[in-house]
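Here the structure is a predicted model, which means the values were calculated and not measured. Basis for what follows: all heavy atoms, side chains included, without hydrogens, waters or symmetry-related copies.
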Amino acid sequence: MHCEPSAFPQPFIGAAKLNAGLSAGTAAHCPERFHRQAIRLKSALRRTLGIFATVLIVGTTAICLTTPLASNAAMLLMDRSNFIPAQSSIFSFEPYVINEGSSNYWLYGQDRTYYYHFTYQADAPYLYITRKNACAGFDRADVRTWCGAGRGSPR
């Protein structure tokens, strides 16, 4: 028996049900058609999941390559004395002077708004100053030239 609509010995089935192939009569009389539709649904689901996974991987790679996220995460995991200042974020903070000793913590860092200096003090572990400051002779890598720097508090 072919799975043609005229081959069904039953009364008229609505066009939507017949075309969808999901009615009980169609599944019982035409198992190969039902099976093909199930395969098409599975392949459409696989294709959609594949596209989603690709977008997720490409997006994650783009974030890791265009922000300091990966290096900051590695810095935080490798050395417990490292931290990200409260005014900044793991996506934007960039250390630009690193301690050369046995610990690789940052001494100076920056983001889009501020420069930061690690102070070694428990009550104010870092200082910060706006990148657009009016300090005479300002040197971002010499805290002695920073005028009016704010004191960062521990998180």
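- With rounding to the nearest 0.5 angstrom, the CD1 atom of Ile84 is 4.0 Å from the CG atom of Asn72.
- By the neighbour-count criterion of 12 heavy atoms within 6.0 Å, atom CZ of Phe91 is sparsely surrounded, having that number or fewer from other residues, nucleotides or ligands.
- To the nearest 0.5 Å, atom CD1 of residue Ile57 and atom CZ of residue Phe52 are 10.0 Å apart.
- Ionic pairing of Asp111 and Arg131 is not present here: no N-O contact between side-chain nitrogen and carboxylate oxygen is shorter than 4.0 angstrom.
- Outside the 6.0 Å centre-distance limit, the rings of Phe118 and Tyr116 are not counted as a close aromatic pair.
- Between Arg140 and Val97, every side-chain heavy-atom pair lies at or beyond the 4.5 Å cut-off.
- Among all heavy-atom pairs drawn from Pro125 and Gly152, the shortest one is CD-O, 3.3 Å.
- Atom CZ of Phe93 has more than 12 neighbouring heavy atoms from other residues, nucleotides or ligands inside a 6.0 Å radius.
- Other cluster members for Leu49: Leu45, joined by side-chain heavy-atom distances under 4.5 Å among Ile, Leu, Val, Met, Phe, Trp and Tyr.
- In this structure, CD in Gln87 is found 4.5 Å from OH in Tyr128, a value given to the nearest 0.5 Å.
- For the atom pair CD1 (Ile129) and SG (Cys147), the distance works out to 5.0 Å, reported to the nearest 0.5 Å.
- A perpendicular orientation is assigned to the rings of Trp146 and His117, their planes being inclined by more than 60° (bins at 30° and 60°).
- Between Ile90 and Leu76, some side-chain heavy-atom pair lies under the 4.5 Å cut-off.
- The distance between the ring centers of Trp106 and Tyr96 does not fall below 6.0 angstrom.
- One finds the CD1 atom of Ile39 at 9.0 Å from the CZ atom of Arg46 (value rounded to the nearest 0.5 Å).
- A ring-centre distance under 6.0 Å is not found for Phe83 and Tyr105.
- Arg151 is listed as a side-chain neighbour of Asp123, based on a closest heavy-atom distance under 4.5 Å.
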Requested in this report: Report the C-alpha separation of Tyr115 and Phe138 in whole Å, then their side-chain angles, then the decisive distance to 0.1 Å, and conclude whether the ring-ring contact (aromatic ring centres under 6.0 Å, His included) test is met.
Outcome: CA-CA 11 Å; Tyr115 291 114; Phe138 178 77; 5.6 Å; yes
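- Using a distance-only test at 3.5 Å, with no hydrogens or angles considered, a donor-acceptor pair links the side chain of Thr145 to the main chain of Asp142.
- Arg112 CZ to Ser89 OG: the interatomic distance, rounded to the nearest 0.5 Å, is 7.0 Å.
- Between the side chain of Ser92 and the main chain of Ser88, no donor-acceptor pair closer than 3.5 Å is present.
- Hydrophobic clustering (side-chain heavy atoms under 4.5 Å, transitive across Ile, Leu, Val, Met, Phe, Trp, Tyr) groups Met75 together with Tyr120.
- The side-chain heavy atoms of Leu127 and Val143, taken from C-beta on, include a pair separated by under 4.5 Å.
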